[in-house]
2 protein chains.
Amino acid sequence: MSVRQESNTAPPADRTLSARARNLTHVHPADVPLQDALDALADPVRRTIVRELAATPDWTRACGTFDLPVTKATRSHHFAVLRGAGLIEQRDEGPRRLNRLRRAEFDARFPGLLALVLAEPAGTAPAEPASDPGDGASADSGNGD
Amino acid sequence: MSVRQESNTAPPADRTLSARARNLTHVHPADVPLQDALDALADPVRRTIVRELAATPDWTRACGTFDLPVTKATRSHHFAVLRGAGLIEQRDEGPRRLNRLRRAEFDARFPGLLALVLAEPAGTAPAEPASDPGDGASADSGNGD
DNA sequence: TAGACTGTTTGATGGAGGTCGACCACATGA
DNA sequence: TCATGTGGTCGACCTCCATCAAACAGTCTA
């Protein structure tokens, strides 16, 4: 019992998947302890990712498209943490790795927690450039399909 | 402007207060950034304090009566952090320092967050003895007034 | 085949914070 | 006045984790 079918997906060697995708292990929010959720959201960079992700449709943002004050190595680390906390889902699309915020599932497990993060004004926490006055949605923008 | 009247109470030198009580600076939850709230609740010992505090009536538990796997120095530190995050209120009663969980105020500022902590099964997070079989409320108990 | 692009992994580093022992401050009671 | 009990402060230690640079691994296009 337990471990939701699509849960802790350590993929059982699926040949239809690329070698890269096979390393993508997801954790369902239902299996995440509160400790991990709080640890994940206690970092300002990760909360920024979550907020930016919430502002765009699912599967439209690759990891590299986020405006973060860290190198790609650190960025990669943060995405892994968010994945491990059941906050995001990832899928490989060519060379890019697209992201989705697990809104409903996560909110079902931790009611209200995600809302607090999304309600937090951007640039409030440290390690954030407090956003530039020119508004962030200049070029890439977050328009949908 | 701002800073709720009873807010960040760095008491303006009140002679009716003991020297000890004068050092008791409180922060109103409304003035607490999400970062501080998450930092405060990300520690398992502090969540234990919050849960134990929620299980007893206000102003009935002194700092020393909590069953924690740390020394009093660390304990004192944790209580200070909780106070600074607007999670608890403290009052000196003789040599003891009594505590109160700021349920309503904190929940108004961070809806749902406190509920998540209280819903967390005790002994789940690390650094907790997973509770002793004899039930915690043996001697001192938490009965109220 | 080579190059550009995207993302991960590894090893090292620095800082923040949890922890402790020791000492100090205050209140109470004998 | 002294002893006790409660709690805070200080300095030191130590672990964890965010961070980076460098090297590696796929994917796509030319």
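Residue numbers start from 1 in every chain, and the chains themselves are labelled A, B, ... in the order their sequence lines are given, proteins ahead of strands.
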Gap between atoms [atom1] and [atom2], on [X] and [N] respectively (whole Å):
X      : N       : atom1 : atom2 : answer
L82(A) : dG7(C)  : CG    : P     : 15 Å
D92(B) : dC26(C) : CG    : P     : 12 Å
F66(B) : dT6(D)  : CZ    : P     : 14 Å

* Using side-chain contact (heavy atoms from CB on, under 4.5 Å) as the criterion, list what pairs up with V81(A), not counting sequence neighbours. =>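 V81(A) satisfies side-chain contact (heavy atoms from CB on, under 4.5 Å) with A40(A), R46(A), H77(A) only.
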* Looking at residues at least two apart in the chain, or sitting in another chain, which of them share a side-chain contact (heavy atoms from CB on, under 4.5 Å) with R100(A)? ->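 Scan of R100(A) (side-chain contact (heavy atoms from CB on, under 4.5 Å), adjacent residues dropped) gives D58(A), W59(A), E89(A), R102(A), E105(A).
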* To do: Report yes if a side-chain nitrogen or oxygen of R97(A) is closer than 4.0 Å to either non-bridging phosphate oxygen (OP1 or OP2) of dT8(C); otherwise report no.
  =>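 Checking dT8(C) against R97(A), a side-chain N or O does come within under 4.0 Å of OP1 or OP2.
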* Options dC20(D), dA27(C), dT8(C), nucleotide nearest the side-chain atoms of S76(A) ->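 Of dC20(D), dA27(C), dT8(C), dT8(C) is nearest to the side chain of S76(A).
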* Using the ring of F66(A) (Phe, Tyr or Trp, six-membered ring only), decide whether R61(A) places NZ or CZ under 6.0 Å from its centre and within 45 degrees of its axis. =>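 The answer is yes, since R61(A) meets both limits relative to F66(A).
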* Tell me what A62(A) touches on the nucleic acid: a base, only sugar-phosphate, or nothing, going by heavy atoms under 4.0 Å. =>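 Sugar-phosphate only.
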* Asked: When you look at CZ of R96(B), are more than 12 heavy atoms from neighbouring residues, nucleotides or ligands closer to it than 6.0 Å?
  ->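 No.
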* Asked: Looking at I88(A), L113(A), V50(A), L101(A), which hits side-chain contact (heavy atoms from CB on, under 4.5 Å) with F106(A)?
  ->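 Only one of I88(A), L113(A), V50(A), L101(A) forms a side-chain contact (heavy atoms from CB on, under 4.5 Å) with F106(A), namely L113(A).
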Identify each atom pair where a protein N or O and an N or O of nucleotides 11-18 of chain C are less than 3.5 Å apart, giving names and distance.
from: dG18(C); atom 1: OP1; to: R46(B); atom 2: NH2; distance (Å): 3.0
from: dG18(C); atom 1: OP2; to: H77(B); atom 2: NE2; distance (Å): 2.9

* To do: Please figure out whether E93(A) or K72(A) has its closest DNA chain D nucleotide nearer the 5' end.
  =>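 Of the two residues, K72(A) wins.
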